[in-house]
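Along the sequence shown, residues carry numbers from 1.
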Amino acid sequence: MRLFIDTGSVAEVEEIAAWGVLSGATTNPSLLAKEEGDPGEAIVRICELVNGPVSAEVVSADADGMIAEGRALRPLHEHIVVKVPFSAAGLQATRVLSADGIPINMTLVFSPNQAILSAAAGATYVSCFMGRLDDISVDSAEVVAGIVDCLRPSGTTAQVLAASIRHPEHVITAAKLGCEVATLPAKVLHQMLDHPLTEAGIAKFASDWGSRPEFAKWLEGLVSGAPAKV
């Protein structure tokens with residue numbers, strides 16, 4: 001499963017892209033509105049940092065407006081994916097834009113039926129919002145499993161993208177269910193790093209190595225190209 005970062009913050013992308021784990025990013029109007037500066041410049045910089053698909057969302061409610069905005073967003077960068085909210089108008093816009101060769105991320109998908117329609121309209125990604133389903137006491141894992149089961153046997157090329165990730169367990173669930181992509185906020189990516197046994201192990205290795213200062217000198221010499229004998 002590929003990992004995207006869900007953010008409008010260039011600083012967050014700069015930090016986490018350096019880890020070498022990101023394959024793309026997703027933005028939305030709410031995330032971009034939290035940041036200062038030009039949204040177009042932020043989107044382009046995020047494209048450069050992740051060197052992979054970056055979703056930029058239309059805001060019009062009618063199909064003609066979505067199509068016009070999608071065609072305007074796509075040339076910002078070669079990695080732009082146009083994000084379209086699910087609706088009858090969104091399906092219409094997706095069909096037209098995908099026919100133009102523009103990749104589409106159909107967002108706000110909450111059921112297998114909506115996913116089937118999204119794929120039929122030509123969406124590249126189908127984004128199911130796990131956290132928002134859990135918020136209304138609907139089992140998000142069951143819904144995502146249903147979407148994966150419906151799309152996979154049909155031969156569609158639409159990829160299931162797990163979104164609204166609230167915690168690391170959502171990430172594990174999405175991976176086990178066969179989602180091609182999960183998009184995560186920076187907070188969850190940081191949470192995935194942490195484990196007390198990892199921290200304890202690193203501390204023990206450092207302590208043991210520090211007990212032999214001659215070993216430290218040997219490694220320093222190896223790095224500098226002039227290894228010292230122990």
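Annotation: cation-pi geometry not satisfied between R132 and F129 (NZ/CZ under 6.0 angstrom from ring centroid, within 45° of ring axis).
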Which side-chain N or O atoms in residues 54-68 pair as donor and acceptor under 3.5 Å with protein atoms at least two apart or in another chain?
residue : atom : partner : partner atom : Å
S55     : OG   : N105    : ND2          : 3.1
S60     : OG   : E69     : OE2          : 2.5
D62     : OD2  : D64     : N            : 3.3
D62     : OD2  : G65     : N            : 2.8

Per-pair distances, 0.1 Å, donor-acceptor, side chain in residues 78-92, under 3.5 Å, sequence neighbours excluded:
residue : atom : partner : partner atom : Å
H79     : NE2  : N51     : OD1          : 3.1
K83     : NZ   : T27     : O            : 2.9
S87     : OG   : A89     : N            : 3.4
S87     : OG   : G90     : N            : 2.8

For a quick test of your reading: what N or O donor-acceptor pairs under 3.5 Å do the side chains of residues 138-145 make, sequence neighbours left out?
residue : atom : partner : partner atom : Å
D139    : OD1  : A141    : N            : 3.0
D139    : OD1  : E142    : N            : 3.4
S140    : OG   : D134    : OD1          : 3.0
S140    : OG   : D134    : OD2          : 3.3

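Under the side chain to side chain donor-acceptor pair (under 3.5 Å) criterion, E199 pairs with no residue at all, not counting sequence neighbours. For K34, there are no side chain to side chain donor-acceptor pair (under 3.5 Å) partners at least two apart in sequence or on another chain. A search for side chain to side chain contact (heavy atoms under 4.5 Å, CB included) contacts involving T198 returns H195, I202, not counting sequence neighbours.
Using a 30° and 60° split on the angle between ring planes, Y125 and F4 fall in the perpendicular class, above 60°.
Cluster membership check: L193 shares its hydrophobic cluster with L189, using side-chain heavy-atom separations under 4.5 Å among Ile, Leu, Val, Met, Phe, Trp and Tyr. Placement of V188 and L31 in two distinct hydrophobic clusters is found when ILVMFWY residues are connected by side-chain heavy-atom separations under 4.5 Å, directly or transitively.
A salt bridge does not link K217 to E214: none of the charged side-chain nitrogens sits closer than 4.0 Å to a carboxylate oxygen. Classification of R74 and D100 as a salt-bridged pair fails, no side-chain N sitting under 4.0 Å from a carboxylate O.
Side-chain contact check for H190 and E15: at least one donor-acceptor pair (N or O, by modelled atom type) lies under 3.5 Å.
Among all heavy-atom pairs drawn from A119 and V126, the shortest one is N-CG2, 4.5 Å. The shortest non-hydrogen separation linking Q159 to R2 is OE1-NH2, 2.8 Å.
Checking S118, S111, C128 one by one against I147, the side chain to side chain contact (heavy atoms under 4.5 Å, CB included) holds for a single residue, C128.
Side-chain atoms of T173 come within 3.5 Å of backbone N or O of E169 as a donor-acceptor pair. In this structure, R95 contributes its side chain and A120 its backbone to a donor-acceptor pair below 3.5 Å. Without hydrogens or angle criteria, S164 side chain to G131 main chain gives a donor-acceptor distance under 3.5 Å.
Contact check for R71 versus V96: side-chain heavy atoms found under the 4.5 Å cut-off. A heavy-atom distance below 4.5 Å is not found between the side chains of L184 and D6. When side chains are defined from C-beta on, T107 does not count as touching N28, because their heavy atoms never get closer than 4.5 Å.
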TODO: Give the C-alpha distance, both sets of side-chain angles, the deciding distance and a yes or no for side chain to side chain contact (heavy atoms under 4.5 Å, CB included) between L49 and V10.
DONE: CA-CA 9 Å; L49 287 166; V10 171; 4.1 Å; yes
